[in-house]
K.L.:
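What follows is a single structure, and I will ask about it in a moment.
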Amino acid sequence: MKKIIYLILIMLFFNACIKYPEVDFVKNPECLGCSAHYYTTYYILNNVTAKITDNDSVDSDTINYDTLRYNDLNIITDLSGQIIADQTYECRASDGRYRKVLTQAYFVNKIQSIEISANKLYNTKANNFAIYFRDKEFNYTQKNYEGEELGYTPLKIKLTAPPDSSQWFVFTIKITDDKNNVFTSSTDSVFVLN
Amino acid sequence: MKYKLIIFIALLFAGFSIFSQDVNSSDTNNNLTFELSAGKIFSPYRFYKNHTGYEKFSFGVSKKLFKYGGAVFSQSYGRVFSKTTNNQTLVMTTTISPYITFFADKKINLRFSSGTGLICLSTKTLYDIYPINEKIYGMPIKGNIAVLYKLQNKLALNLNIDTHYSFLFTGNYKLLINDPYYYKTFFYSINIGINYTL
């Protein structure tokens, strides 16, 4: 009799285990009408790419700009690297269907310095550049960044003063992190109007 | 398929109880046992579900408090690795668990234990360019099912399944994403080893 009781207890123990639901995209199609859900994945920086855009373009634009007024010019700095922490959950809408998922890359390297320079003297009087960091919701804010993490890609750099004269410039971005890794990238040549 | 496996295991345990042989219980006065086992760890849950489990070693000391039960203190080390993120995590647990045995006088014995303690997940990136090390602590709830096969009076073979469901303490993590969803983890392992009773 005791042995039968033990057997029943063992069976109950095993049957009480709940299997974590696996995603079945055939039975659970993606929720097309739902707003997208943003994943954050963490990276360490390996490469920097700088490009010129204007105020009206979105970050992903690949148009080549060769002439811009200084206050329309943005230097977009794309960060790329190696993933170190990845989300593993699936996101469901309230009706149980799976929402569209967009990945946002976040860079954990702490900044020692960011230097921006031009290939020739840009402006003899003014502080020439302002760096804007992107938050999760695609807004850009300017902040004190020494010792802070790089955060979401890309960074946006704007010119805060006109050049002494309208001419061609190549801008170079140099990011140094707290482990003394140096990442450098130069933009294409652009004619900046003052 | 999995239900068939569960039924098979259940019937296997039932078989142990029916067909196991009686042995001398002359060693019951010496009730301190050292346990050493090695096996493979699995990480199927939440943040660590993309990690592959590798080896696991555990060392334990158990003390028999009465004929069918006692307590076991154990320390274990398991290694999991993620190819996606190139992160290696050492899963270290220290637990104390009361246990009960079912067939103390038989050659084959079945032991259930459950307890708690401390879990430490020591994670590091294997990228040289920006090394990050992180220690994450939590409290596990441990369950262990062991089948003990007496080879001699003092020596027994130990086949066990070890599970840890853990609640991680909150913190400012980089290698574990700061989302409450990931503050629960589950690891299990299948191990084989020996028990030596003093």
Side-chain angles (χ1 to χ4, degrees), chain A residues 1-23 37-47 79 81-92 103-112 136 149-151 175-183, chain B residues 2-3 5-18 20 43-51 82-87 89 100 102-103 110 112 114 123-132 134 143 145 161 163 165 172-182 184-186 188:
Chain A
M1 187 61 193
K2 272 185 182 174
K3 288 170 184 170
I4 293 167
I5 292 168
Y6 291 148
L7 183 61
I8 291 166
L9 284 173
I10 290 165
M11 296 290 279
L12 280 174
F13 177 83
F14 278 106
N15 280 294
C17 296
I18 298 165
K19 188 187 171 206
Y20 186 72
E22 299 288 333
V23 178
H37 178 77
Y38 289 98
Y39 275 136
T40 295
T41 47
Y42 288 0
Y43 287 78
I44 52 174
L45 185 62
N46 200 27
N47 191 37
L79 311 175
Q82 281 130 345
I83 189 168
I84 57 164
D86 190 17
Q87 303 268 13
T88 58
Y89 68 85
E90 302 297 335
C91 188
R92 287 176 185 235
T103 301
Q104 297 189 117
Y106 183 94
F107 289 80
V108 300
N109 300 55
K110 285 190 176 172
I111 304 163
Q112 192 180 90
K136 198 177 179 183
E149 292 172 353
L150 275 165
I175 297 174
T176 308
D177 69 17
D178 62 338
K179 310 277 191 217
N180 287 322
N181 298 309
V182 179
F183 307 94
Chain B
K2 287 195 175 175
Y3 272 98
L5 185 67
I6 290 163
I7 291 164
F8 172 75
I9 292 167
L11 291 174
L12 195 67
F13 287 151
F16 288 152
S17 71
I18 294 161
S20 58
S43 56
Y45 193 56
R46 298 207 173 179
F47 188 79
Y48 293 96
K49 78 176 179 184
N50 289 343
H51 288 58
S82 167
K83 284 180 185 169
T84 312
T85 58
N86 206 19
N87 284 349
T89 301
I100 52 167
F102 290 84
F103 317 110
L110 181 66
F112 282 8
S114 178
T123 304
K124 64 175 180 180
T125 58
L126 300 184
Y127 295 115
D128 293 334
I129 187 170
Y130 200 84
I132 304 172
E134 197 162 67
I145 301 168
I161 299 170
T163 62
Y165 188 87
N172 187 22
Y173 303 121
K174 285 187 184 63
L175 301 175
L176 172 75
I177 290 174
N178 267 308
D179 185 328
Y181 178 79
Y182 296 125
K184 297 187 186 85
T185 66
F186 176 71
Y188 71 94

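Within every chain, numbering begins at 1; the chains are lettered A, B, ... in the order of the sequence lines, protein sequences first and strands thereafter.
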K.L.:
So which atom in Tyr48(B) and which in Thr89(B) form the shortest heavy-atom distance, rounded to 0.1 Å?
P.N.:
CE2-OG1, 3.8 Å

K.L.:
Under 4.5 Å between any side-chain heavy atoms of Phe183(A) and Asp177(A), yes or no?
P.N.:
yes

K.L.:
Answer with side chain, backbone, both or neither: which region of Thr84(B) has an atom nearer than 4.5 Å to a non-hydrogen atom of chain A?
P.N.:
both

K.L.:
Relative to chain B, which segment of Asp86(A) carries a heavy atom at a distance below 4.5 Å: side chain, backbone, both, or neither?
P.N.:
both

K.L.:
I'd like to check Thr123(B) versus Leu176(B) (side-chain heavy atoms, cut-off strictly below 4.5 Å). Are they in contact?
P.N.:
no

K.L.:
If you count heavy-atom pairs under 4.5 Å with chain A, which of Asn86(B), Ile129(B), Ile132(B) comes out on top?
P.N.:
Ile129(B)

K.L.:
For the residue pair Glu149(A) / Tyr106(A), report whether a side-chain donor-acceptor contact shorter than 3.5 Å exists.
P.N.:
yes

K.L.:
Among the options Tyr173(B), Tyr182(B), Phe186(B), Phe47(B), pick out the one with the most heavy-atom pairs lying under 4.5 Å from chain A.
P.N.:
Tyr182(B)

K.L.:
Strictly by modelled atom types, are Tyr130(B) and Asp178(A) linked by a side-chain donor-acceptor pair under 3.5 Å?
P.N.:
yes

K.L.:
Select one option (side chain, backbone, both, neither) describing which atoms of Ile83(A) are under 4.5 Å from chain B's heavy atoms.
P.N.:
both

